[in-house]
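For clarity, every value in this text was computed on a predicted model and none was experimentally measured.
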Amino acid sequence: MLAYDYPLLGLFWTMLMVFLWVAWLFLLFRIFADIFRSDMGGWSKALWSLFVIFLPFLGVLVYIIANGDDMRKRDIETMQQNEAAFRSYVQDAAGSGGGTATELAKLAELRDSGVLSPEEFEAQKAKLLA
């Protein structure tokens, strides 16, 4: 029987090992990306890379202990820059929220409510259309 040869607990164990292996690969690639985006010199980047390649578990552990705080700071700076760029893009894409027609409608409402005189309305209208 095939089901008896591969019990359910074995399936869970295999899934756990695959998950841990994928998490390890994510951590390894993240460490390499951080090594090359840091402001270290070329030789120190080369030594860290060799350390992580030839002694992967120890290299990653030592790198996280030695540079974990700097890694976090670089991640926060990158996220803040990305958020600022996104907000700037959204504000540019959205515009000021109307345009000439909307501004003219607001001026007409102010004129109709008596806040603006007809002369002030015409002056503001000329300024908008210029």
Side-chain angles (χ1 to χ4, degrees):
M1 295 188 141
L2 185 61
Y4 185 76
D5 292 335
Y6 200 69
L8 188 60
L9 191 58
L11 174 68
F12 290 139
W13 181 255
T14 303
M15 288 173 55
L16 178 67
M17 289 297 113
V18 169
F19 172 76
L20 290 175
W21 181 70
V22 169
W24 167 251
L25 287 178
F26 271 107
L27 181 62
L28 196 61
F29 286 119
R30 180 148 172 157
I31 295 292
F32 273 115
D34 189 67
I35 288 173
F36 288 107
R37 78 174 176 171
S38 69
D39 56 351
M40 292 187 258
W43 285 106
S44 59
K45 288 181 182 184
L47 290 175
W48 273 114
S49 297
L50 290 174
F51 188 38
V52 171
I53 289 172
F54 289 116
L55 297 170
F57 293 111
L58 183 63
V60 166
L61 179 66
V62 171
Y63 185 83
I64 289 176
I65 290 171
N67 296 319
D69 194 43
D70 295 334
M71 191 173 168
R72 179 186 55 82
K73 288 177 185 175
R74 283 188 289 274
D75 286 342
I76 289 173
E77 288 173 6
T78 302
M79 284 186 275
Q80 288 173 344
Q81 290 171 356
N82 288 344
E83 183 178 354
F86 175 73
R87 287 183 185 272
S88 172
Y89 171 75
V90 168
Q91 288 174 352
D92 289 344
S96 63
T100 308
T102 306
E103 294 296 323
L104 284 174
K106 289 178 184 177
L107 286 174
E109 286 177 18
L110 290 174
R111 181 196 60 196
D112 294 341
S113 67
V115 175
L116 288 178
S117 67
E119 295 82 23
E120 291 172 330
F121 172 75
E122 291 300 326
Q124 292 295 327
K125 179 179 165 185
K127 189 197 274 185
L128 278 175
L129 295 176

Output the distance between atom CH2 (Trp21) and atom CG (Leu16), rounded to the nearest 0.5 Å.
-> 14.5 Å
Quiz: residues 35-44 side-chain donor-acceptor pairs under 3.5 angstrom, not counting sequence neighbours:
| unit_1 | atom_1 | unit_2 | atom_2 | d |
| --- | --- | --- | --- | --- |
| Arg37 | NE | Asp34 | OD1 | 3.3 |
| Arg37 | NH1 | Asp75 | OD1 | 3.4 |
| Arg37 | NH2 | Asp75 | OD1 | 2.2 |
| Ser38 | OG | Ile35 | O | 2.9 |
| Ser44 | OG | Gly41 | N | 3.2 |
| Ser44 | OG | Gly41 | O | 2.9 |

Interatomic distance, Glu109 atom CD to Asp112 atom CG [nearest 0.5 angstrom] = 8.0 Å
So does Met15 have more than 12 non-hydrogen atoms from other groups sitting under 6.0 Å from CE?
-> no
Would you indicate whether the side-chain heavy atoms of Gln124 and Glu103 approach each other to under 4.5 Å?
-> no
Sequence neighbours excluded, the answer for side-chain contact (heavy atoms from CB on, under 4.5 Å) partners of Phe51 is Trp48, Leu55, Leu58, Val62
Donor-acceptor pair, side chain of Thr14 and main chain of Gly10, under 3.5 angstrom = yes
Members sharing Phe121's hydrophobic cluster, built from side-chain contacts under 4.5 Å between Ile, Leu, Val, Met, Phe, Trp and Tyr, are Leu104, Leu107, Leu110, Val115, Leu116, Leu128, Leu129
Mind jotting down which residue pairs meet the salt bridge (charged side-chain N to carboxylate O under 4.0 Å, His left out) criterion with at least one end in residues 43-63? Sequence neighbours excluded, please.
-> none
Glu119: what forms a side-chain hydrogen bond (donor to acceptor under 3.5 Å, both in side chains) with it, not counting sequence neighbours?
-> Ser117
Same cluster or not: are Leu28 and Leu47 linked, directly or through other Ile, Leu, Val, Met, Phe, Trp or Tyr residues, by side-chain heavy atoms under 4.5 angstrom apart?
-> no
Contacts of type side-chain contact (heavy atoms from CB on, under 4.5 Å), residue Leu50, not counting sequence neighbours = Phe54
With the 4.5 Å side-chain cut-off for hydrophobic clustering, are Met71 and Phe57 part of the same group?
-> yes
Cluster membership besides Ile65, Ile/Leu/Val/Met/Phe/Trp/Tyr side chains within less than 4.5 angstrom, sorted by chain and number, is Leu61
Please name all residues satisfying ring pair (Phe, Tyr, Trp, His ring centres under 6.0 Å) with Phe29, sequence neighbours left out, ordered by chain then number.
-> none
Sorted by chain and number, sequence neighbours left out, ring pair (Phe, Tyr, Trp, His ring centres under 6.0 Å) with Trp13 holds for none
Separation between CZ of Phe12 and CZ of Phe19, rounded to the nearest 0.5 Å | 15.0 Å
Output every pair passing ring pair (Phe, Tyr, Trp, His ring centres under 6.0 Å) with a member in residues 66-87, not counting sequence neighbours, ordered by first then second residue.
-> none
For Glu83, check side-chain hydrogen bond (donor to acceptor under 3.5 Å, both in side chains) against everything at least two apart and list the hits.
-> Arg87
Taking side-chain contact (heavy atoms from CB on, under 4.5 Å) as the test, write out the residues that go with Asp69, two or more places apart.
-> Arg72, Lys73
